[in-house]
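Small disclaimer: the values here were computed from a predicted structure and weren't measured. Both backbone and side-chain heavy atoms feed into the values below; hydrogens, waters and symmetry mates do not. In what follows, every chain begins at residue 1, and chains take the letters A, B, ... in the order their sequences are listed.
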There are 2 protein chains.
Amino acid sequence: MDNTFAPPLKKSRAKPAPARVTIRTVAEDAGVSVSAVSKVLRNAYGVSDGLRARVMASIEKLDYRPSASARGMRGQSYTLGVLLTDIRNVFFAEIMEGINDTLAPTPYQPLLGVSQLRRRVERSLVDAIIDRQMDGLILVAPRMPLPEIEDVAKRLPTVVIGSHPAGTSRFDTVNNDDILGGEAVVDYLNGLGLRRITFFTLTEPDDDDDENTVMMHRERGYVSAMTRLGLDVNIERAAHDTVAEAARRLVASKDRPEAIFCWGDAWALRVISAATDLGVRIPQDIRVVGYDNNQYCELAQNSLTSVDQSGRELGKQAARLLIERIEGRREPYHFTVTPSLIVRNSTGG
Amino acid sequence: MDNTFAPPLKKSRAKPAPARVTIRTVAEDAGVSVSAVSKVLRNAYGVSDGLRARVMASIEKLDYRPSASARGMRGQSYTLGVLLTDIRNVFFAEIMEGINDTLAPTPYQPLLGVSQLRRRVERSLVDAIIDRQMDGLILVAPRMPLPEIEDVAKRLPTVVIGSHPAGTSRFDTVNNDDILGGEAVVDYLNGLGLRRITFFTLTEPDDDDDENTVMMHRERGYVSAMTRLGLDVNIERAAHDTVAEAARRLVASKDRPEAIFCWGDAWALRVISAATDLGVRIPQDIRVVGYDNNQYCELAQNSLTSVDQSGRELGKQAARLLIERIEGRREPYHFTVTPSLIVRNSTGG
DNA sequence: TTGTAAGCGTTATCAG
DNA sequence: CTGATAACGCTTACAA
């Protein structure tokens, strides 16, 4: 079930053909050759100022715009694909803004594909991006298994945000230190005198190498700090569509933990919802911590303590690294941001 | 400051050239002509079952994928552009899901551009989409003035979601009835015995034709219902970056309204935040209503009464209409969904 | 029903 | 420094 081939659609109506402005039109208008125009377009060497000026004038005058399709056939398409696995996650919006920041002054245009948490869709989107001769790819929190990512990276320059592929690497990665972030949360809560801290996270599917996900790293940070402090590890798991129930159960349970550390803000907001609903007070009866520090954390009704990982910065760096790769770098580079804990009222801050 | 032309980047490294599988490769493998393969790809008339089978087999075997760039040069690129003006607005995620729903079984691939509320960026994104020979365009809550949209619609099939351009139309529109929604909120609140109802909305920039925005239509619904009921109209305006202060002022004011009807959920959540912060109780001291019924409304800490407009359905319809247009329809079609009020605790529901 | 061949708008190579 | 010209991979008359 692939989008590659055409359906039996009615034939598309012929357009009125308003005599398109091509590189040839510009060349004629400026009284130069097409290759001269092409060189000006690409800032290639060997064009005199006079020629450049004349060409630019014609381009302006005719409002000429190069065809990305035609460009893509020979050289670059100046298009970068960004694959978002979950458009509902508002944190990703910040990453996108960072990507735009870096790309704005360049000729590269980012275009997004959204895959809705479905692995097969994710893969077919990558194919769609390759089919469109994009010059590079940024994967945001991909769910594809590592070998598949490496496969993709063989075909086009790739940068991954929000995944910690071990060892490897034909591609670059950009992350915050999720292990450190996980530890920091536990240390902070323990400093408050709390001992019964539960980590609330996503049920991992029957997958082999999901060592790489950010939640898994946060979990490792949690476990390592708990162990170091001599506290009992307690992990609660739920699937995406059962978060609400799980949160409710967790909050309502007899031996309710003193604090719940959620793998992401979205889950923490659900925990707050459950507590509100059940009349369990935050932070007096239970403390809640999230991760990502998204835009909803600071609303007073949430006032959620969370780990900030500067999504905008992650996006900026990813775009920067991708351009470097497109320009020829081959050695992998792994960029890491140090997360910082933002304390708010959900932990009594 | 446009992304059209190339920068003085280092020359991109030549790739190892792993002998690309083209339509020609497939033709040779299957022992047929290229045009035969092309016909199979497009489900064109005049191909025998035998030939089709052989071609399909080769395609499968060689894992051939057509180049969208090459296709775009002659025929369609099978790519649809979706222009999101504000990726932070979670409601748009639902629209996107609807678009995906409709497009999944077709050969069209939606690709998103995000413009971050900046009008110039919005226009240059549209250009980028045109440059890439996309087959159609979906504009979500565009800020471009109407003449500009019409201009765009002349160049490629266009559908607009979340805007009410008067009269006109070389393009289709998909909306909920924002006037009706606005009225419904007022009628509901008045039915609760409330009379002092304030509408909290976006400051319109010095723009002529912003009669078209959804907030303006909601405002019209509000005004019309208030007038009909003989109540005093009260409208509070703020810019995007001053919502928090404005909300605070509104909630803290001496003659605080009995209810605040916000143009969108995001603003309503800010109002709830201000009230929470100031110790003003909801719904006892003040009632709050939003619009969009986004995923955060149902969290208990918000429990926000809101107008549902079925974003997913809007997205589905938009994609459907766009495909119809690409297939040749020229008469404009305007699709409208009837909104429904979802009552929650923020109004005592 | 199938095949041949002429573009589509660029870039890149190679002469002038 | 400038200009012909051959690709690039596909669609589409038109011929066979």
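To the nearest angstrom, C1' of C:dT10 lies 9 Å from CZ of A:Arg42. The distance between atom CD of A:Gln76 and atom C1' of C:dT10, rounded to the nearest whole Å, is 13 Å. Rounded to whole angstrom, the span from the CZ atom of B:Arg132 across to the C1' atom of C:dG9 amounts to 15 Å. When the C1' atom of D:dC8 is taken as reference, atom CD1 of B:Ile23 falls 13 Å away, rounded to whole Å. In this structure, A:Asp131 atom CG and D:dC10 atom C1' are separated by 13 Å, rounded to whole Å.
When the side-chain hydrogen bond (donor to acceptor under 3.5 Å, both in side chains) test is applied to A:Glu324, the partners found at least two apart in sequence or on another chain are A:Arg320, A:Arg329. Residues forming a side-chain hydrogen bond (donor to acceptor under 3.5 Å, both in side chains) with A:Lys154 (at least two apart in sequence, or on another chain): none. With sequence neighbours left out, the salt bridge (charged side-chain N to carboxylate O under 4.0 Å, His left out) criterion links A:Glu94 to B:Arg88. Partners of B:Ser38 under the side chain to side chain contact (heavy atoms under 4.5 Å, CB included) rule, at least two apart in sequence or in another chain, are B:Ile23, B:Arg42. Applying the side chain to side chain contact (heavy atoms under 4.5 Å, CB included) rule to A:Glu313 yields the partners A:Ser310, A:Lys316, A:Gln317, A:Val337; only residues at least two apart in sequence or on another chain are considered. Legend: residues meeting side-chain hydrogen bond (donor to acceptor under 3.5 Å, both in side chains) with A:Ser48, ordered by chain and number and at least two apart, are absent. With sequence neighbours excluded, no residue forms a side-chain hydrogen bond (donor to acceptor under 3.5 Å, both in side chains) with B:Ser163.
The phosphate of C:dT10 (OP1 or OP2) has a side-chain N or O of A:Tyr64 nearer than 4.0 angstrom. A sub-4.0 Å separation between OP1 or OP2 of C:dG9 and a side-chain N or O of A:Arg24 is absent.
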Protein-to-nucleotide contact annotation, 5' to 3' order, nucleotides 2-8 of chain C [B base; S sugar-phosphate only; - none; under 4.0 Å, heavy atom]: BBB--BB
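Closest approach of A:Arg170 and A:Glu150 over heavy atoms only: CD-O, 3.7 Å.
A:Ser67 comes within 4.0 angstrom of the backbone, heavy atoms only, and of no base.
Rounded to 10°, the helix from C:dT1-D:dA16 to C:dG16-D:dC1 has 40° between the axis fitted to its first five pairs and the one fitted to its last five.
Between the side chains of B:Ser67 and B:Ser69, not a single donor N or O lies within less than 3.5 Å of an accepting N or O.
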